[in-house]
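Both counts, for ligands and for their atoms, begin at 1 and track the order of listing.
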Amino acid sequence: MKAIQTMEVIHSIADLRSRIREYRRKNDGSVGFVPTMGYLHEGHASLLRKARSQSGLVVLSIFVNPLQFGPGEDFERYPRNTERDLEVAEAAGADLVFMPSVSEMYPTPTRTTVAVSGLTSRLCGASRPGHFDGVATVVSKLFHIVQPDQAFFGLKDAQQVAVIQQMVQDLNLPVEIVPCPTLREQDGLAMSSRNVYLSDEERKQALVLSQALDKAKEFVLSRPNFNTAELESLVRKHIATAPLAVIDYAEVLAFPTLEPFENSTHTHSIILALAVKFGKTRLIDNVIIQLRK
Ligand code: AMP
C-alpha cells in the first residue's frame with residue numbers, strides 16, 4: 001500500500017525533513033531510500049519496486065553530484081530528463097522525490113569529506129581519483145537528511161555497494177544496505193544512464209562486456225582450480241574482438257573485500273569487474289561468482 005496517494009516532488013532539505021517527520025509521526029512503517037543521479041531506467045525502477053515491497057515510505061533522490069566527477073569527466077553533459085524521471089518514479093511506486101539543486105546540497109564549499117580507505121584503491125577508485133570520496137560524502141549527507149531504515153543500491157556498481165557498506169559499518173549509521181541485482185537489456189547490456197551516449201556501432205560492440213562476463217562465469221564454474229591470470233586473459237581477448245573497445249580495467253578480486261584473489265585461499269565469492277571505453281563513453285559491468293569451495 002502506498003504511503004502517499006500522489007507522489008510529491010521536493011526541492012529543499014527542510015521540506016523533505018518535515019515531510020518525513022510527519023510520515024513517521026503518523027505511521028510506524030519504515031522509510032526506504034533509493035539515491036540516484038536521474039535519467040531513470042528499468043534498473044533504477046527495480047530498486048524502487050524493491051523499496052516499495054519492503055518499506056512504508058519510498059524516498060527517491062535525483063541529484064547529479066558534482067563531487068564525484070573528476071576534471072574532464074561528464075558532469076556537464078550527464079543526461080537529464082526530469083519529466084520522464086517523474087513518470088518512471090511514479091510508476092515504480094516512489095512517494096517522495098527529492099531533487100535538490102547543487103547549492104541546496106553544497107551551500108558553502110564543503111570542508112568535510114567522507115573517505116573510505118582500502119576498498120577504494122582499486123578498480124574505479126584507481127581510474128577515477130576522488131570519485132568514491134564524492135560518493136561516500138554525498139551518500140552520507142543524504143543518509144543524514146533522509147534518515148532511512150533501508151537504502152537500496154544496485155550491484156551494477158558493486159564497488160560502490162562495498163564502499164557504502166563499509167562506511168555504514170565503520171560509522172555505525174542506522175541503515176540497512178540492500179544490494180539489488182543488475183538489470184540488463186534483452187541482449188545482455190547492463191542498463192545505464194550512460195548508454196545513451198553510445199553510437200549505433202558502439203552500442204553493438206558494447207555487447208562484448210556481458211559476453212565476456214558470461215564466458216568468465218562458465219570458465220570459473222567448470223574449473224575449480226582456475227588460474228586468475230588465465231581468466232583475465234580470456235576476458236581481455238574477448239573484449240579485444242570489439243575494435244572500438246579500450247579496456248580501462250578487467251580484474252578479478254575477492255568480493256566484497258576487493259582484495260587480490262588467490263585461488264588457494266578460502267574466498268567464497270569473487271568479482272570480475274570491467275571498465276571499458278567506447279569513444280568518450282566509459283561503461284562498467286561485473287559478475288559476482290560464488291565459488292564451490
Ligand atoms: P546512478 O543513477 O547511475 O547513480 O545509479 C543509481 C542507483 O541505481 C545505484 O545504486 C546503481 O547501482 C543503480 N543502478 C544503475 N544501473 C543499474 C542496473 N542496470 N541494474 C540495477 N541497478 C542499477
Check your understanding: Does the side chain of Thr113 come under 3.5 Å of the side chain of Asp133 through a donor N or O and an acceptor N or O?
Key -> no
Check your understanding: Atoms of ligand 1 less than 4.0 Å from Asp157 heavy atoms?
Key -> 11 (C), 12 (O)
Exercise for review: Give me the one residue out of Val287, Val208, Val235 that meets side chain to side chain contact (heavy atoms under 4.5 Å, CB included) with Leu213.
Suggested key: Val287
Exercise for review: With heavy atoms under 4.0 Å as the rule, classify the contact between Ser193 and ligand 1 as side chain, backbone, both or neither.
Suggested key: neither
Review point. When you measure from atom 21 (C) of ligand 1 to every protein heavy atom, which one gives the shortest distance, and what is it?
Key: Pro181 O, 3.3 Å
Check your understanding: Which residue and non-hydrogen atom of the protein lie closest to atom 20 (N) of ligand 1, and at what distance in Å?
Key -> Leu183 N, 2.8 Å
**Study point:** N/O separation below 3.5 Å, Phe153 to ligand 1
**Key:** no
**Study point:** ligand 1 contact on Val34 by region, counting heavy-atom pairs under 4.0 Å
**Key:** neither
Point to revise | For Met191, atoms of ligand 1 separated by under 4.0 Å from a heavy atom | key: 16 (N), 17 (C), 18 (C), 19 (N)
Practice item. Starting from atom 4 (O) of ligand 1, find the nearest protein heavy-atom neighbour and note its residue, name and distance. Key: Met37 CG, 3.6 Å
Review point. Closest approach of Ser61 and Pro35, non-hydrogen atoms and distance?
Key: OG-CA, 3.2 Å
Check your understanding: Is NZ or CZ of Arg84 both nearer than 6.0 Å to the six-membered ring centre of Tyr39 and within 45° of the ring axis?
Key -> yes
Review point. So, does Ser222 use its side chain to make a donor-acceptor pair with the main chain of Phe219 at under 3.5 Å?
Key: yes
Study note, to complete from the structure: With heavy atoms and a 4.0 Å threshold, my read on which part of His44 contacts ligand 1 is side chain
**Study point:** Nearest-neighbour protein heavy atom for atom 22 (N) of ligand 1, which is reported as residue plus atom name and distance
**Key:** Gly154 CA, 3.6 Å
Exercise for review: Would you mind checking which non-hydrogen protein atom is closest to atom 6 (C) of ligand 1, with the distance to 0.1 Å?
Suggested key: Pro35 O, 3.4 Å
Review point. Please state which protein non-hydrogen atom is closest to atom 13 (C) of ligand 1 and give its distance, to 0.1 Å?
Key: Leu47 CD1, 3.7 Å
Study note, to complete from the structure: Under 4.0 Å between heavy atoms, the region of His41 that gets near ligand 1 turns out to be side chain
**Study point:** Lys156 N/O to ligand 1 N/O under 3.5 Å
**Key:** no
Exercise for review: Give me the ring orientation class for Phe33 and Phe143: parallel if the planes are under 30° apart, tilted from 30 to 60°, perpendicular past 60°.
Suggested key: perpendicular
